[in-house]
Structure formats: structure tokens, C-alpha cells
Amino acid sequence: MEKYRVKPTDTSHPEYFHKVVDCQHACPAHTPVPEYIRLIAAGRYADAYMINWESNVFPGILGRTCDRPCEPACRRGRIEEKPVAICRLKRVCADMKEDIRDRLPKIPKIKNGFKLAVIGAGPSALTVCRDLMPLGYEIDLFEATGSAGGFMRQQIPSFRLPEEVIDEETGYILDMGVNAHFNTRIESMKALTDKGYDAVFVGTGAPTGRQLKLPGWEHDGGKNIQVGVQWLAQVAFDHVTTAPEDVIVIGGGNTAMDCCRTALRLGAKNVKVVLRTPISAMVASPWEIEDTQAEGIPIIENHSPLEYVVEDGELKAMTFEVIDYSIDEDGREVFTPVGRTETIPCSLVLLAIGQANAFPWIERDIGIDFDERGMAIVDEVTYQSSNPMVFFGGDAAFGPKNIITAVAQGHQAALSIDMFLHGQELTDRPDPSTNLLSQKMGIHDWSYASSVTEEERHAVPHLDLQEAIKSHTVEVELGFDAATAFEEAERCLNCDVETVFTAEKCIECDGCIDICPVDCLTFTQNKEEAELRRSLTVPALNLGQQIFVSENLKTGRVMVKDEDVCLHCGLCAERCPTSAWDMQKFLYISPKPYHRKNEENQ
């Protein structure tokens with residue numbers, strides 16, 4: 001019978017409490033979110049910035065543009081409708097910090113003897129430079145354009161991400177002594193590797209967008225039917241400064257939202273976004289859709305592109321087939337024509353239907369294997385290709401995702417490069433750094449704000465709409481002021497301050513049970529997990545979150561805690577007469593190459 005019972009939870013495993021800190025666990029770069037939010041509440045903006053910079057490298061950029069995987073995971077969203085505005089708080093520490101350059105890593109004057117080539121100057125490539133320069137590496141950075149930032153600069157409009165923010169945060173890395181070669185396009189991987197580099201990192205992004213070659217396309221020749229990401233890049237570098245009156249944007253992602261909002265600012269009067277799906281099926285971030293609609297741009301649903309109407313070499317309109325959209329029992333999309341078409345006038349079509357990688361400059365006889373899609377085959381853990389000295393990261397590794405994912409992959413690739421050049425097994429990844437520290441200060445005093453407030457999420461103020469659409473370079477979102485940032489930060493439930501239980505101290509008085517506001521604690525007989533979950537005071541139905549099960553207590557029962565709904569309020573620890581419960585802050589730092597070096601030197 002014993003073998004069917006749940007074993008006592010091993011809370012010493014670094015991933016146990018990490019998973020409880022849902023926001024940090026959901027972040028690809030595992031940024032310690034509650035830690036920096038507490039510092040923002042305390043007005044310690046530079047400290048909060050540096051914690052961000054350690055993990056996500058670009059706090060000011062990501063505080064404006066991140067896809068926010070942390071926010072749907074936020075525990076606040078389980079007790080009220082909206083999560084903490086984590087992303088916009090990140091921007092607060094970037095905007096309000098003092099000069100942090102004296103806090104950046106010192107770069108050794110004596111190099112370590114290894115020389116790297118980094119191709120591209122986007123988020124993953126810059127992260128590799130940021131991680132390896134402090135270790136004494138010499139790095140040659142090759143970028144086809146005239147400035148650093150990659151798609152952060154080329155594809156995100158300035159009204160969302162000002163150029164000066166990109167310059168500042170990419171500058172911190174370039175100023176580490178990276179040998180940056182701008183306006184230098186690599187045409188041959190073989191020629192590059194023949195120059196004697198010890199390793200090469202490819203961070204060239206997904207530079208091409210998908211075409212939509214419908215009837216009529218051949219008569220336009222790409223003049224007025226353009227790929228959205230390439231058009232945005234031309235706007236970013238001032239090669240395009242105006243838009244015609246009638247513009248259609250095809251696609252439902254964030255690039256489509258950026259295209260239509262940019263066209264509006266460049267003079268277009270009638271901008272329309274056209275989808276094959278309903279708005280509810282769009283892949284764009286909800287806030288990007290909201291901002292687009294707030295600017296009066298219509299989003300037309302359930303229209304499948306049929307043809308371009310081109311007369312005498314000039315694009316005049318686009319014809320669509322109206323469809324019914326549904327999902328079949330296998331989860332596949334079904335598009336059913338309803339028997340009518342619609343023609344919409346336009347003189348510019350921007351295609352935002354996906355991006356693709358292109359590696360014509362990598363020869364196929366130098367040991368790098370490619371799949372049927374033309375993507376290099378890259379190890380998902382080490383980011384090493386089949387040519388051991390060549391590593392990939394960001395969109396170049398596994399296709400288009402987002403900035404924070406590219407940063408996370410850059411960290412892992414940098415760690416792999418460092419391990420590879422020191423002859424170590426790349427799959428033997430170092431453990432993260434963790435600790436647990438009690439927050440007890442007195443009988444009822446904690447070193448963190450333990451009370452659960454009831455404030456609703458604060459909306460970020462925007463520039464007046466009529467002013468906003470006059471320029472494609474004036475930032476639309478204004479960010480929180482200090483007072484609002486404090487109030488929003490106080491909504492954080494401090495999920496990194498953990499309830500730690502010591503079975504030997506427990507006298508089973510039920511004090512913690514009585515005071516728990518969400519009934520997440522239960523004294524019960526141990527059982528098989530499914531039955532145990534169902535038998536709790538409030539059944540623990542979220543199988544994606546573990547339950548804590550203690551060692552056997554004096555009565556033979558166990559203490560079971562549902563980690564999914566705990567508010568980390570500390571009331572159990574306040575009520576406990578024997579200190580069997582304690583509130584301990586958990587800090588989790590993902591391994592980086594310079595952490596490994598510090599451990600070796602200790």
C-alpha cells in the first residue's frame with residue numbers, strides 16, 4: 001500500500017520552488033520578477049534594472065516590446081481578472097534608473113586567447129557578446145546594416161520602441177570592446193571559418209518574409225505588393241517616408257499590427273487589416289490588437305485573398321473570397337467559402353503572413369546539416385550545429401519567436417561556446433544558483449509586503465491619439481510615473497517568498513488550516529496522488545502545479561499544500577505557535593558562463 005502513496009516532496013530540488021514562482025518560470029530567460037518588482041516599489045530603480053539586465057539584457061527594450069509570457073502565468077490573475085503589469089514595470093526601472101555604467105562587468109585587458117566570430121547584431125548575438133566579453137574573449141561582430149539591434153531596430157516601429165532606447169542598451173554591450181564590423185555582410189561561412197576563429201555564432205534572425213503570389217502578382221513585380229518586415233526595415237532606415245492613401249495589410253500577427261499603424265502615421269487614410277480568420281483567432285498580442293483598434297484601423301475577418309487587381313502595371317485593388325471559419329474535431333482550421341467575393345481598393349499591400357530563414361551564404365559542404373526547410377539542424381539544449389565550432393541562436397536557430405526567447409537562447413549558446421572551448425561535455429549543463437532565506441523579522445513582522453492588496457491593474461497612459469498618429473517616431477505609450485509604479489508593484493503577491501514547512505516542529509494544532517484565506521492547506525492521510533488531490537479541503541485540480549506533501553506527522557497524517565492557489569501571504573507562518581511554517585525568499589539564477597567561472601575560482 002505504501003508504494004501507492006505520494007512520497008515527501010523534495011523542496012531542495014532547484015526546480016521545485018522555481019516552478020512555484022510562475023512568472024519567472026514562464027520567462028524564457030527566467031528573470032527574477034518578484035525580486036525586481038519589490039525593488040521598484042522601494043524606489044531602487046537601478047538595482048531593479050541590474051537584476052533585469054543580468055537575465056534579459058534589454059530591460060528598456062523589453063519593457064516596451066516583450067511578448068510577456070510572464071503575465072498569463074502571474075498568480076495575481078488567479079484571484080482577479082488581470083495580472084500584474086510586469087512588462088511595464090520593467091520599463092519603469094529602465095526609465096527611472098540613474099547611470100548604471102559603473103555597475104557593468106569589467107572587461108579584462110589580458111584576453112583569454114580565444115577569438116569568436118558573431119554574425120548578426122540582434123538580441124541573441126548581442127547576448128552572446130555580453131556573456132563572453134567579461135571572460136576575456138575577443139569577438140568580431142559582423143552586421144549587414146549600419147547599426148546594432150537586429151529586428152528590434154528594423155521591424156519594431158519607433159513609436160513603440162524609440163531609437164535612443166535601442167542605442168543605449170546595445171551600446172552597453174558594444175562598449176565592452178566588441179570589434180563591431182557594421183555594413184559588412186558575410187557572404188561565405190567557409191571563408192569566415194578559414195580565418196582561424198575558434199568558434200562562430202550565427203544570430204542572423206529570420207530575415208525574409210513570405211510572399212503571396214496570387215494572380216496579378218506578376219504584373220506588379222513587387223513594386224506595390226511588399227513583404228511587411230522588409231517594408232518596416234525601409235521605414236526604420238528612412239528609405240520609405242510616406243504611404244499611399246489606400247493600404248491593405250494581410251496577416252494577423254504583431255508584424256501586421258506594426259505595418260498598419262506605421263502606414264497610418266506615414267499618411268495613409270484608409271488602412272485595413274484583412275484576416276482569413278476571426279479576430280479571436282489572431283496570433284497578435286491582445287494589447288497590440290487593442291492599440292490598433294483604438295487608432296481606428298478596421299480589422300476585416302474571414303476574408304481569404306484571391307487575387308491582386310493590377311491595371312497598366314499599377315495596383316488598384318485586391319479581391320477576397322468571403323469564408324466561414326471553423327475548427328474541426330481534430331483541431332484543424334476549416335475555411336468554407338460562402339459564395340461571394342469582395343474587392344477592396346488599395347495601392348499598397350503589405351504581406352505579414354510569416355517570416356522565413358535564409359542561409360544561402362552557408363555552404364552545404366562544411367559539416368553543417370540542414371533539414372528539408374533549409375534550417376540548420378541545431379541541438380535544442382546546446383545550440384551547437386553538426387559542425388562543432390558553429391552555434392546558432394535566436395530566430396536563426398529554430399525560426400521566428402520573440403526577443404526574450406532570443407536572449408534566452410543567446411545565454412545558452414554563450415554557455416555552450418565557453419564549455420566547448422574548454423573541452424567540456426556540452427550536455428552536462430551547470431545547475432542554477434538558488435538560495436532560501438527566512439524573511440522573519442519579529443513575531444508578526446516580515447521583510448516583505450505580505451498583505452494582499454485589492455488594487456486593480458493600472459492602465460498605461462498613452463499620448464493623445466491625434467498627436468500620436470502625426471509621427472511614426474513619437475512614442476505612443478508614456479509609461480508609469482513613480483506613484484503609479486508603486487501601486488502596481490504592490491499588486492505583486494511575492495510568489496518567490498515561499499511557505500517552508502518543517503514536519504518535526506508541527507503539533508497539528510490546525511492553526512494554519514483555520515487562518516488560510518484560500519484553504520490551500522490540509523492535514524490528511526496520505527493516498528495515491530489523484531485521490532489525494534481530490535480529497536483536499538479544496539481539490540487541487542491544476543495538474544500542471546505540484547502539491548507539497550510533508551513527511552509523516554506524529555498522528556500518521558501528512559500536511560498537503562496546493563501550491564497552485566497559495567497567496568504567499570504568510571498568515572500560516574504568523575499563526576503557527578512552533579514555527580513549523582516559515583516564509584523564506586527563494587532566488588533562482590539561471591547558469592551563465594561567468595557564473596561557472598566564478599565557481600571554478602572559489
Side-chain angles (χ1 to χ4, degrees), residues 23-24 26-71 74 84-105 121-131 134 148-153 156 158 160-176 287 394 402-411 460 475 477-482 484-486 488-489 492 496 587-590 592:
C23 50
Q24 182 178 15
C27 174
H30 302 302
T31 307
V33 175
E35 178 78 355
Y36 78 73
I37 288 180
R38 277 191 298 273
L39 292 170
I40 289 171
R44 295 169 56 186
Y45 304 118
D47 291 339
Y49 184 88
M50 293 311 298
I51 285 176
N52 270 282
W53 191 81
E54 173 84 7
S55 298
N56 62 51
V57 184
F58 306 104
I61 293 171
L62 285 163
R64 292 164 165 83
T65 63
C66 190
D67 277 3
R68 314 180 196 179
C70 54
E71 292 192 14
C74 175
V84 175
I86 298 170
C87 180
R88 293 320 184 236
L89 286 173
K90 192 189 315 292
R91 172 179 171 174
V92 167
C93 71
D95 288 356
M96 298 188 181
K97 71 183 185 308
E98 61 265 23
D99 191 341
I100 53 87
R101 283 174 291 185
D102 62 342
R103 299 187 181 210
L104 299 178
S124 66
L126 290 172
T127 299
V128 169
C129 297
R130 171 255 184 276
D131 284 1
F151 88 84
M152 299 187 296
R153 187 184 298 273
I156 300 178
S158 295
R160 287 182 57 209
L161 177 59
E163 189 174 27
E164 57 267 24
V165 177
I166 304 174
D167 290 342
E168 175 190 345
E169 297 197 323
T170 60
Y172 290 149
I173 299 168
L174 297 178
D175 290 346
M176 289 180 171
W287 49 91
N402 50 45
I403 300 172
I404 191 63
T405 298
V407 168
Q409 293 178 354
H411 282 312
V460 178
E475 189 169 17
E477 286 194 5
L478 302 179
F480 291 142
D481 59 21
T484 307
F486 173 79
E488 186 63 33
C492 176
D496 62 338
L587 185 62
Y588 179 104
I589 302 295
S590 296
K592 315 247 181 353

Original post:
Going through the distances and angles, do Asp131 and Thr127 end up as a side chain to side chain contact (heavy atoms under 4.5 Å, CB included)?
Top reply: CA-CA 6 Å; Asp131 284 1; Thr127 299; 4.2 Å; yes

Subject >> Side chain to side chain, Ile86 and Arg68, heavy atoms closer than 4.5 Å >> reply: no

Original post:
With sequence neighbours left out, what residues match Met50 under side chain to side chain contact (heavy atoms under 4.5 Å, CB included)?
Top reply: Trp53, Ile100, Arg103, Leu104

Subject >> Partners meeting side-chain hydrogen bond (donor to acceptor under 3.5 Å, both in side chains) with Tyr172 (sequence neighbours left out) >> reply: Glu168

Subject >> Qualifying residues under side chain to side chain contact (heavy atoms under 4.5 Å, CB included), relative to Ala489, sequence neighbours excluded >> reply: Ile37, Ala41, Leu89

Original post:
What pair of heavy atoms forms the shortest contact from Val128 to Gly410, and how long is it?
Top reply: CG2-O, 3.5 Å

Original post:
Side chains of Ser55 and His30: closer than 4.5 Å at any heavy-atom pair?
Top reply: no

Subject >> Partner residues of Asp95 under the salt bridge (charged side-chain N to carboxylate O under 4.0 Å, His left out) criterion, sequence neighbours left out >> reply: Arg64, Arg91

**OP:** Report the residues that fulfil side-chain hydrogen bond (donor to acceptor under 3.5 Å, both in side chains) with Gln24, sequence neighbours left out, ordered by chain and then residue number.
**Re:** none

Original post:
Which residues satisfy the salt bridge (charged side-chain N to carboxylate O under 4.0 Å, His left out) test with Asp496, sequence neighbours excluded?
Top reply: Arg38

Original post:
Residues in side chain to side chain contact (heavy atoms under 4.5 Å, CB included) with Leu587, at least two apart?
Top reply: Pro32, Asn435, Ile589

Original post:
Listed by chain and number, what are the side-chain hydrogen bond (donor to acceptor under 3.5 Å, both in side chains) partners of Ser158, not counting sequence neighbours?
Top reply: none

Subject >> Within-4.5 Å side-chain heavy-atom neighbours: Cys93 and Leu39 >> reply: no

Original post:
Any side-chain heavy atom of Met152 sitting closer than 4.5 Å to one from Thr65?
Top reply: no

Subject >> Sub-4.5 Å side-chain heavy-atom contact between Ile404 and Asp67 >> reply: no

**OP:** Evaluate the criterion side chain to side chain contact (heavy atoms under 4.5 Å, CB included) for residue pair Ile156 and Ile61; output intermediate values, then yes/no.
**Re:** CA-CA 10 Å; Ile156 300 178; Ile61 293 171; 5.7 Å; no

**OP:** Evaluate the side-chain proximity of Val165 to Glu475: yes if any heavy-atom separation is below 4.5 Å, no if none is.
**Re:** no

Original post:
Is there a side-chain contact between Pro123 and Val57, using heavy atoms and a 4.5 Å cut-off?
Top reply: no

**OP:** Name all residues meeting the salt bridge (charged side-chain N to carboxylate O under 4.0 Å, His left out) criterion together with Glu164; count only those two or more places apart in sequence or in a different chain, and write none if there are none.
**Re:** none

Original post:
Partners of Asp175 by side chain to side chain contact (heavy atoms under 4.5 Å, CB included), sequence neighbours excluded?
Top reply: none

Original post:
For Arg130, which residues count as a salt bridge (charged side-chain N to carboxylate O under 4.0 Å, His left out) partner, sequence neighbours excluded?
Top reply: Glu54

**OP:** Name all residues meeting the side-chain hydrogen bond (donor to acceptor under 3.5 Å, both in side chains) criterion together with Thr484; count only those two or more places apart in sequence or in a different chain, and write none if there are none.
**Re:** Asp481

**OP:** Evaluate side chain to side chain contact (heavy atoms under 4.5 Å, CB included) for Met176 paired with Cys129, printing each intermediate quantity in order.
**Re:** CA-CA 9 Å; Met176 289 180 171; Cys129 297; over 6 Å; no

**OP:** Would you check, one step at a time, whether the test side chain to side chain contact (heavy atoms under 4.5 Å, CB included) holds for Asn56 with Lys90?
**Re:** CA-CA 10 Å; Asn56 62 51; Lys90 192 189 315 292; 3.6 Å; yes

